[in-house]
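I have placed the structure first, in the form of structure tokens, so that the comments after it can refer back to it.
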Amino acid sequence: MRGGPGLGNIQPSQSDYFQVTRSAGHGDYHPIVLAPATVQEAIDLTTLAFDLADKYRHVVIVVADGLIGQMMEPATLPPMRDPHLHPDAASWALTGAEGRTPNVVTSLCLGAETGERHNKEIQARLRVIREAEQRATEVFTEDAEVIVVGYGTAGRIAESAVHQAREAGLKVGLFRPIALWPFPERRLGALAGRARGFLAVEMNAGQMVDDVRLAVNGRAPVAFYGRLGGAVPMPEEIYDAITGVFEQVASLPVAGD
Amino acid sequence: MATTLTEEQTPPIDAMEVVYQRPEALTDVPTHYCPGCGHGIAHRMVGEVIDELGIRTQTIGVAPVGCAVFAYNYFNMDFIEAAHGRAPATATGIKRVFPDRIVFTYQGDGDLAAIGTAEIVHAAMRGEKITVVFINNAIYGMTGGQMAPTTLPGMKTTSSPSGRDVEATGQPARMSELLATLPGAAYIVRRSLHNVREIRKARKAILTAFKVQQAGLGLSMVELLSSCPTNWGMTPSDAMKWVEENMVPVYPLGDYKVVDAVRDL
């Protein structure tokens, strides 16, 4: 993702969260979206993306911001794998109809009835994916009063800010979504019962924060800090935003009181 | 006057010699094509060629968007439906995963010469070892007879009711001539479906195009001038005459690129 809109620039951004998680093309569906925060994750999630695409026969997008794309850092390549067909592939893959009836791959559904039936099948598949493929990583969330939520580069920088805040004695944690769709709402919802406030950090004007608010579902205030147009936040900025959230929640009653 | 055999004179069915039948490479499904449309002829020839080469179970076809969008219902082999104009890109992926299979696209001029121009040009530039069957009827058929990049100068369509104005919309896109300039193209020819003699030549060219792929020589394409009686507003026979009299002068038939190795096939 690069700074936009339009031609924009080639600076790192997270401006396309809505586009990739909501509408990767026309049609009423979500792709599976994976967001790496390191070069190592970019490698690992790309491998996973192909496996998930085969498993669900569904679009998978690895969405990296411009910083991941232009960064060099040490990484370990996984062992090479022979290209192989998914075990179920015989029922749909186009390999030549030797010894079987032909397979046809098409998404063309001209009739409204067949179109709706096809969409319902896709929705059933999305429900399975939504259950099974939520992914996130956490730092210091066990006892955190405030939880910072950020993905990709913003999440990685936020982790530095969280460490600074912990050194300053603030009970803060980091929740970094790795899957943007399905958004890790189950775990974040559980944390919402314990934490007193949330801070979404993004390199955009506030997109993932909507998903954070849906997961938190009004149980705690959700603040937002974002940089726009290719600007990358410094850990100090996020640290300041964290302290702002602590000030905000200090006046709120503690859950259970 | 034709004689009709009475029931007593008709030989029993198992005593008859089969002289003409549906190729195995085609399904037993009635097509949706209009009377007089060239797609039926072209489908049959591709099916015959695939049978002749014995490659039906090794072949994967790529359908276009347009009138031939349902080609996958009519060809008895693995098939994929590509997005508008993207058949050469889809075929590229399949061929590179399975280099030992035969992969062909079947595309109209709205698909190949308009929305998919970039795909066919770059597939030829890369020398993809795929075969392209390109049906050119100088019009958008499925969407209702609008002007295409291939529409003839002065030709009336639903979106050029006064005739194509070349000052405003340019000259017809000659895709065979264009693709023949690219080193990755091995066999680029134009044939026509307007009479039996030309249809026979077209069939031979389709056979050669598939052999070019088998030999791994590069991209092969057969452009077929075809009729659209419905959108041209003509009878099927008049439409065939129109192809000969009006399309062939603009789209000369012939071999535009035949690399030396093709002669050894």
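Chain naming here is simple, since letters A, B, ... match the order of the sequence lines and numbering starts at 1 in each.
Note that the CG atom of B/N76 and the OG1 atom of A/T101 stand 9.0 Å from one another [nearest 0.5 Å]. In this structure, CZ in B/R56 is found 8.5 Å from CD in A/E98, a value given to the nearest 0.5 Å. A/L94 contributes atom CG, which lies 12.0 Å from atom OG1 of B/T59 (distance to the nearest 0.5 angstrom). Residue A/T95 holds its OG1 atom at 8.5 Å from CD of B/Q58, rounded to the nearest 0.5 Å.
The number of heavy-atom neighbours closer than 6.0 Å to CD of A/E116, taken from other residues, nucleotides and ligands shown, is 12 or below. Taking a 6.0 Å sphere around CZ of A/F50, one finds it holds 12 or fewer heavy atoms contributed by other residues, nucleotides or ligands. No more than 12 heavy-atom neighbours from other residues, nucleotides or ligands sit within 6.0 angstrom of CZ on B/R200. With a 6.0 Å radius and a threshold of 12 heavy atoms from other residues, nucleotides or ligands, A/I10 has its CD1 atom at or below the threshold. The neighbour count for A/E73 CD, taken as heavy atoms of other residues, nucleotides or ligands under 6.0 Å away, is above 12. Within 6.0 Å of NE2 on A/H58 lie more than 12 heavy atoms contributed by other residues, nucleotides or ligands. At most 12 heavy atoms of other shown residues, nucleotides or ligands fall within 6.0 angstrom of atom CZ in A/R130.
Looking at heavy atoms from C-beta onward, B/D78 lies in side-chain contact with A/R100 at the 4.5 angstrom threshold. With contacts defined as side-chain heavy-atom distances shorter than 4.5 Å, the pair A/L108/B/F70 qualifies. Between B/E81 and A/V105, every side-chain heavy-atom pair lies at or beyond the 4.5 Å cut-off. Counting heavy atoms from C-beta on, the side chains of B/Y72 and A/T106 come closer than 4.5 Å.
Only the side chain of B/F98 comes within contact range of chain A, with at least one heavy atom under 4.5 Å from a heavy atom of that chain. Contact annotation for B/F75: neither backbone nor side-chain heavy atoms come within less than 4.5 Å of a heavy atom of chain A.
Here the shortest heavy-atom pairing between A/G96 and B/R101 reads N-NE, 4.4 Å.
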